[in-house]
Amino acid sequence: MHTRHPHSRLSKLNHCLLAASALGFLASLPAKAQQAPAAEEKQQLDTVVVTGLRASLESALRAKRDDKGIVDVIKAEDMGKFPDTNLAESLQRVPGVVIDRDAGEGRSITVRGLGQDFTRVRINGVEALATTGGTDSSGGANRSRGFDFNVFAADLFSSLTVRKSSSADVDEGSLGATVDLQTARPFDMKSFTAAVSVKGVYNDLSGKTNPKASFLISNTFADNKFGVLLSGAYSKRQLLEEGFSTVRWDNGPSSGGWCPPQGVATGLPTGSTATSCGPAAQGVARLPNTAANLAAFNTASKAENFHPRLPRYGRLTHDQDRLGLTGAIQARPLEGTLLTLDMLYSKLKATRQEDFLEAISFSRTLSQGGKPQTSVVATEYGPNGELLYGKYNGVDIRSESRFDQLSTTFTQPTLTLEQDIGETLKLTARVGRATSKFNNPIQTTTTLDAANVNGYEIDFRANDRAPAITYPFNPTDPNGALKILGVPVNASSITNFTPSEIRIRPQGATNINDIAQVDLAWELIPDRLTLTGGLNYKKFSFNTFESRRTVETMNTLPAGVNQASLVTTLNGFGKGQNLPAGTATSWLIPDLNAIASAYDIYCNCLKSGAAGGPGDFTLTSITNGNARGNNRAVVETDTGGFLQADFNTKLAGVPLRGNAGVRYVKTKMTADGYLATAGGTGVSAENSYSDVLPAVNLAASLSKDLILRGAVAKVMSRPQLGNLSPGGTLNTTGTLSYTGGNPLLKPFRATTFDTSLEWYHEKNAFVGLGLFQKNIKTYIQTLRSNIPYSQTGLPMALLPPGFTGEEVFQVSAPINTDGGKLSGYELNVQQPFSFLPGWGKNFGALLNYTYVKSKIQYVVSPTSTATITDDLINLSPKSYNATLYYDDGTLSARLSGSQRSSYLTRVPGQNNNDVEGKNETFNVDVSISYKITPQLDVTLEGVNLTNQPNDQFISRARDSVVVNNVTGREFLVGLRYKF
């Protein structure tokens, strides 16, 4: 597995442990104490009620110990006092759970090497799917089965349970884990409970301070027969994300190769003359045929030498508002009857502006004015084929600005009835609907361009993550090289050039989960044997839409409009990043509002010229080949049931408890999409399959404090939604590609084996070792190949003007493969330092380490049976979490570090590369809370203290940078008051 700078993380861990000495100083602060006689003190010790962090740790550990399966639990105060902005960052404290971030906060999770598509999430017992939009490098808009945890604030939930082993009474659908999120309920609390928290959050990169607040109020009435609870959380985030990116790397011959020096016929683009690359009218001169020029051209043209496709520095400006509300009403109208109505609402609203100064020629063909018009003046490559330095003529430079307006609205009502029937029967019935609506009504990109610039330089020799880039013009001059280079009215294209663009791409996705279930439990032998059976019905509906302009180029300036009135300037880029000398920290960017007004871009109409031309701002969807693929829908209806026996007995004198059962489920699926032919022909496909899923969990108490667990199960996970579309997507802008679906895919299927040894050696202390293996028998892989369009079998009529059919397209389709094995182990330690004298006994530590390995067989060619063996996507072989805490009832402090080793995100990689992935991360957070009075706490928190970059790479051998962005450190100061 790819690992970068393996020694650097050890030094960071040492820094983390050294910083823990600060907790010792804090512990010396005066704490409240009461003097009491020795006898009275003994009586108080015998009846003491532990609160705060230690209480939540103890409660979570008790829940883990009592469960028949292999689970990990986080309780409310444990979450609320960790420096976590959302649920994903709370879950990363669990052994085997690692997270992926977007905009500096956790978005998705991977459990024991299995990514977000393999993890099911239930909220108050109802399967849910929350989705939102992200940057393209983080996966963009979520149109799959992965759960976006950044939709919710952690403050809304009272407990999180990660179920790592399967049981028949837990719904199917997970290969990795089932995560249960539980909101607070009034009967879980005292008669009256109320609390409020207010914080200010400062980000040191953006320089912004934003509010964060939460509250909870709960009460019971009528002698605890009726209860009501309401809670809420609001936060605002304004932050910057800055750094260098490349949109992948490609090799010398890609996109038609480079423009050769004069006199060289090899690789000469069509229409070239003896002295120009392409038609003479383009004005792109070929270099003289000198030895140096020829050597530079030959070196850059080698298939083993790679260069960045779109090298660029950029800033992403994020502005988010997150509001969450929960409500619960509980009633006991009759003895043995409990009715619970849970309600959850969350609204995530955001805007994101992305501004890049980039070279676009290196990823483009001759018809787009790309590499065949670019001459290599000088170059240097490393032994592994990575570009170290390059100087080029004929480079198209672009200032690109994209603005997104995004929102996710999540709602979920759940009604649960628990009814005792006599002494031994209990009925549990639940109905609920989880709805997630993601809407991206504005996604608009505008550009300024400078064509065929000579003397562009890029230099990685001092820093492979932040190169020195030299532009041979002033990028801040409003009357300089960067300008709107539009298309003349009534002309549909410009030969061998990429004009300035206005891309308008509104889109969205809706997910609805409807569930109904009835379970009946029969206590056949009190405290010894319970038989449980149930019936389940689930209907999952997914649909997504997108619209685009037919042609995304723009006209020249409207009459009477001055170029300078349509631009503005980005300033202050690169704060605290130690960028190379001469890096542009300011550059000209399009002014979207001014351009929108001048061109009337949101009219959804034909403003000027021919239909489908640069003056046409009409949005199309199904008939638009570039948008068609994101107009699709899936409906799944799942019916099934389970039988399970829960037992508590002895075997050879050893207490043994557990469960054994089987679940049956039948899945019926209908997928709708559109074919690329005939301007978008609607097509529908159906598929159905059944699964019988046995599961056994055993827990043997070898002694009072030693538990040996074992579990075995068959599990399944349904195919990713994007792979089920019966239609196809053709992209003729940006990366040229065709993507087709496969509605007849079989689900992922596996047999899982788990065992753990747990030693609860003293109060609130625990040492555990867990071993696991998953034999993945059915896997789904997207097979990619790069072929000329003329070989795809698609009609030429689908290509825009100027295309010849010889352009190389990336063709992708999902297939079932044989999969492979995944195995690993977890070490988990929870240890209070109660053995230390004085205030030292108030310290403690939480430590866990996970190691995972996998061997998955990937098909590499549609015409060959050859395979390669590599890691599972999203699998980090090594991860650990370490928390040192102090809690004396008045002062509570903790220092937490989370490390995740590098992992793959795509196999095989794109653009002639073997793999793509993300490099290792190490995040450090700190939290301090001081109780001023029994009701009032003051808090100080620090998040992402290492300012950890989002470091994405391509190629295992080269470790070439794809994204290297930082979002800054966050510091929180707040007050908590409990009534």
Side-chain angles (χ1 to χ4, degrees), residues 50 53-75 78 93-97 111-112 159-167 170 177 525 527-530 644-661 695-713 752-774 823-836 841 843-852 879-885:
V50 179
L53 171 61
R54 286 180 295 166
S56 62
L57 294 176
E58 184 177 330
S59 176
L61 200 60
R62 188 184 308 115
K64 176 181 177 67
R65 181 172 183 167
D66 293 344
D67 203 285
K68 294 182 177 68
I70 298 174
V71 304
D72 285 288
V73 181
I74 304 175
K75 290 294 186 178
D78 199 10
R93 316 297 176 185
V94 171
V97 177
V111 183
R112 289 179 165 180
S159 69
L160 310 182
T161 301
V162 180
R163 303 185 183 278
K164 297 177 179 177
S165 65
S166 298
S167 58
V170 176
I525 304 176
D527 300 324
R528 299 286 298 276
L529 179 62
T530 299
Q644 180 173 291
D646 288 79
F647 53 85
N648 192 345
T649 185
K650 286 189 177 182
L651 182 64
V654 176
L656 182 69
R657 56 193 170 90
N659 55 53
V696 177
N697 290 274
L698 299 174
S701 297
L702 304 182
S703 69
K704 177 183 176 182
D705 300 320
L706 191 64
I707 300 176
L708 176 64
R709 300 183 189 268
V712 60
T752 65
F753 304 90
D754 297 88
T755 186
S756 68
L757 186 62
E758 302 168 0
W759 181 30
Y760 300 85
H761 56 92
E762 63 176 289
K763 185 176 181 180
N764 214 14
F766 162 80
V767 177
L769 170 64
L771 307 176
F772 53 89
Q773 179 169 307
K774 301 178 188 292
S823 60
Y825 64 86
E826 295 172 352
L827 291 171
N828 193 3
V829 176
Q830 182 172 313
Q831 180 63 58
F833 297 164
S834 52
F835 51 84
L836 294 178
K841 66 179 181 295
F843 281 98
L846 309 172
L847 308 168
N848 63 69
Y849 174 84
T850 303
Y851 174 79
V852 189
S879 64
Y880 69 80
N881 288 276
T883 296
L884 177 66
Y885 69 86

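Values below: all heavy atoms of this structure, side chains included; hydrogens, waters and symmetry mates excluded. These numbers were taken from a predicted model, which means no experiment stands behind them.
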Restricting to non-hydrogen atoms, name the atom on [X] and the atom on [Y] that form the minimum distance, rounded to 0.1 Å.
X      : Y      : value
Val73  : Ala63  : CG2-CB, 4.0 Å
Pro95  : Thr850 : C-OG1, 3.9 Å
Glu762 : Ser834 : OE1-OG, 3.1 Å
Tyr825 : Phe772 : N-CE2, 3.6 Å
Lys68  : Ala699 : O-CB, 4.5 Å
Gln644 : Ser167 : OE1-CB, 3.8 Å

To the nearest 0.5 Å, what is the distance between [atom1] on [X] and [atom2] on [Y]?
X      : Y      : atom1 : atom2 : result
Leu847 : Thr883 : CG    : OG1   : 8.0 Å
Arg163 : Thr161 : CZ    : OG1   : 5.5 Å
Leu771 : Thr755 : CG    : OG1   : 6.0 Å
Asp66  : Leu61  : CG    : CG    : 9.5 Å
Asp67  : Arg62  : CG    : CZ    : 14.0 Å
Lys164 : Glu826 : NZ    : CD    : 3.5 Å

(request) Check whether the side chains of Asn764 and Gln830 place a donor and an acceptor atom closer than 3.5 Å, and report yes or no. (result)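 A donor-acceptor contact under 3.5 Å links the two side chains.
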(request) Return yes if a side-chain donor-acceptor contact under 3.5 Å exists between Asn697 and Ser165, otherwise no. (result) yes
Between [X] and [Y], is any pair of side-chain heavy atoms under 4.5 Å apart?
X      : Y      : result
Trp759 : Leu702 : no
Asn828 : Glu758 : no
Leu698 : Val696 : yes
Leu57  : Phe766 : no
Leu757 : Leu706 : yes

(request) Verify, without hydrogens or angle tests, whether Arg709 (side chain) and Gly69 (backbone) share a donor-acceptor contact under 3.5 angstrom. (result) yes
(message) Show, in sequence, the C-alpha distance, side-chain angles and deciding distance for Lys774 and Val852, and conclude whether the side-chain contact (heavy atoms from CB on, under 4.5 Å) test is met.
(response) CA-CA 11 Å; Lys774 301 178 188 292; Val852 189; over 6 Å; no
(message) Any salt bridge linking Asp705 with Arg65? Criterion: basic side-chain nitrogen under 4.0 Å from a carboxylate oxygen.
(response)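 Judged by the 4.0 Å cut-off on N to carboxylate O distance, Asp705 and Arg65 do form a salt bridge.
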(request) State plainly whether the residues Arg93 and Asp72 are in salt-bridge range, i.e. N to O under 4.0 Å. (result) no
